[in-house]
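Numbers restart at 1 for each chain; the letters A, B, ... are given by sequence-line order, proteins then strands.
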Amino acid sequence: MTTADVLMLALGAVAVGAGALVVTTRHLVRAGLYLVVSLGAVAGIFLVLTAELVAWVQLLIYVGAVVVLLLFAVMLTRAPIGAADDLDRPGWPATLVGGGTGLGLAVLLVDAYRWSTVELPEPGTAERLGTEIFGSWVLPFEVLSVLLLSALVGAIAVSVRIPGRRR
Amino acid sequence: MSERTGLPGEGLAKGLAVTLRTMTRRAHTQQYPDVAPELPPRSRGVIALLEENCTVCMLCARECPDWCIYIDSHKEEVAMPGAARPRQRNVLDRFDIDFSLCMYCGICVEVCPFDALYWSPEFEYAEYDIRDLLHDKTRLGQWVATVPPPPAHDPNGEPSKEEATAARKAAAPATAGQRGAGPEVRIRRPARRPPAGPGSAGNPEASGGREST
Amino acid sequence: MPVWLELVVRVVGVVAAFLVLPLVVGQAEHKVMAHMQGRLGPMYAGGFHGWAQLIADGVKFVQKEDVTPREADRAVFRLAPVVALVPYLLALLVIPLGPNDLVGQPLDIGLFFVLAVVGVGVVAVLMSAWASANKYSLLGGLRGAAQLLGYELPLVLAAASVAMAAGTLSLPGIVEAWRPWWLLWQAPAMLVFFVAGLAEIRRPPFDMPVADSELVFGYMTEYTGLRFAFFLLAEYVGIVVIAALTTVLFLGGWQGPFGDAYLGWLWTLIKVFLVSFVIIWLRVSYPRLREDQLQRLCWLVLVPVALGQLVLTAGVRLAIA
Amino acid sequence: MRPVIPYVVAALLFGLGVYGVLRRRNAVLVLMSVELMLNAVNLLLVTANAAPLATALGRPAPAPVAPEPSSAAETAAALPYTGQAFTLFVIVIAAAEVGVGLAIVLQLYRLRGTIAVDDVRLDTHTPDRGPQATVASPASPAAPGPATRGAET
């Protein structure tokens, strides 16, 4: 066990714990806040894995924008303060499928890696990652920007209310 | 937006310039408790009572709009040497002004025929208990020391009644035997006539002049 | 110097800056604002021209009762001020004061880090808004979140422009690459960054979320005592952070007329205080923007300008290279 | 570093996400669960970037398909940041997905007054009805609905 392992264990525990609270809590807004904790812990794991840029992008996009949008939506759809009772449907199939998926994947990965160790790679600078993206993956990058643009237009088109016309 | 002229953002720059210019000037703040404020003349702070002048005529108490003056008195006989019988005299027992009711209209000062009441500019007499705002005659008497001398007469104003009378007497000694009411009315008339409204133009002037003397 | 000692010194330095600079800026705001309005401002606390007014305020806040509304979500309510404060503390960690590693923690992609952690502040706004169980808080919080999300875009774009010009994401690297003629070339980006930064810290004239004449005090309505003081402190640290970022990105950081090597920290501080002064100045001079004007300014003015600047920067970079 | 730790964390997070998507009725909570799953994938990608399977097992990848003798380790060395690049792509896709998804959720709330995914009927077209219209019997789709509640929210 190295320092990196201990850090990752702790952060992983936080991430999984907060993630479990996200899917089980009965407080709508708190689910969003637990999501912040979970995503932040995952960003911490990214840091330990020397993916610095990815960690900060995770913080910037996920915590700064995505979760805020989610919270925004929760508040716009009249979230009550305190526990709500009608958030869940009966849970047996979900437990079975979800637990099966998670544990099955975990078993698979544990079987593949056992208790082996690898050297941590060099801390990834933004420059090298940029070279990678704009070198090997420039086409997907461009496609993604088109996707983002169409998502932007689509979101506006869905949510805009044309005055005078009843939707 | 449409009637905007000049460079874009000019108004924004002007706003900034105004505040910056103000910053370079001296502040207008009055450091009140440290530096005594300069009050204008005839400031109405508190009413002072000159007890010797009071004859208990009760005019002030009756004219007070909110009845905040309380007066009690009794009669005394004063033996005058050389007189046939003793004279009667009113002696003031109580003269209270309740400053929690007073609205500083100054009517009592106006109506007092013997100049027993004065305006003092002193204003720092707040109390923690509202009942302590009832000033008795000794308290009111203490304010007399703070009453300033009357301000000088306005050089462009009407001459005071005393001056007018003296001037008239000096100018027309022939009519000295007549009663003074006639010419005085004649003097006032031009001031009253043109508005043809309520004769308020002359009265405050006259009363103000009397108060200041 | 052993590693741990250096670490301690750096952390202590950052915490000291975190505690002192906002107080200085706050006091400057008291006095500058007063004089711009023809007043004197605080004159008593501490004796000379009320220099200790904010310390006295702090003592007052500590003594006040800490009220939590009965209907509030207590845990979230209590956590929100801390969440509001911590991002700015982290941001101060990577802002360079002078050359030769005079910085809390030199970071290869410091610019990204700063933008990311400053963006986290919006979570605190939503937390406090929703947990207060108050409609004014909720309205203010939603306005605040919309504003912060919107203005984050021009902020990042303007910062990206200067990062592209410098060819690095590290804050000291940007300062080193900076040349005085950038003042002209990057002026639109600087304006966009500054205005968007003002909106990010919700300073007047962008204080719609806390518009006190219509929303009481927005998402801070229900806060009292120390927690409210935390929000105020976050606002003043925000001023320092935005001023420091503007300084580092656009005004050349520690580069001054002479003695950069050993007077760099002084130039940085002077520039930071000048920018802070401008922030206060704007607060005094301009009325609050209405909500629709606020969004229009962001999306119809700042974002296009930032995009245009990005194109210009890319073009000039290619031309030079 | 032991890659099994982040891998297991990613697997558990993914399982939690699946559980949440199946269990939750509230559409926003479903979206949150989707975010959890996406994040698990991100974590998986970043970990795989740091510790590819071949490196972990300490032997070259079996049966290279390409004619030149290249191993997975060599591929990883040639493209050192592929995993991280893909993570960035996934994050961008997540942002786009949330933007559109929330727009749809808000529109749903406007139309139906609820965002419980169970209450949304896809088989009948009930424009401008309150939430109770969705529980009305589908046999009378032409019945005049009550005053629209969703439109003014």
Among B/T22, B/L16, B/D34, B/T29, the residue with the most heavy-atom pairs under 4.5 Å to chain C is B/L16
Do the ring planes of B/Y104 and B/F99 sit parallel (below 30°), tilted (30 to 60°) or perpendicular (above 60°)? parallel
Between atom CZ of C/R143 and atom CZ of C/R202, what is the distance when rounded to the nearest 0.5 Å? 14.0 Å
Counting heavy-atom pairs closer than 4.5 Å to chain B, which one of C/M36, C/H35, C/Q37, C/R39 comes out on top? C/M36
CD (B/Q30) with more than 12 external heavy atoms under 6.0 Å: no
Can you find a side-chain donor-acceptor pair between B/T138 and B/Q142 that sits under 3.5 Å? no
Pick one of side chain, backbone, both or neither for C/M33, based on which atoms fall under 4.5 Å of a heavy atom in chain B. neither
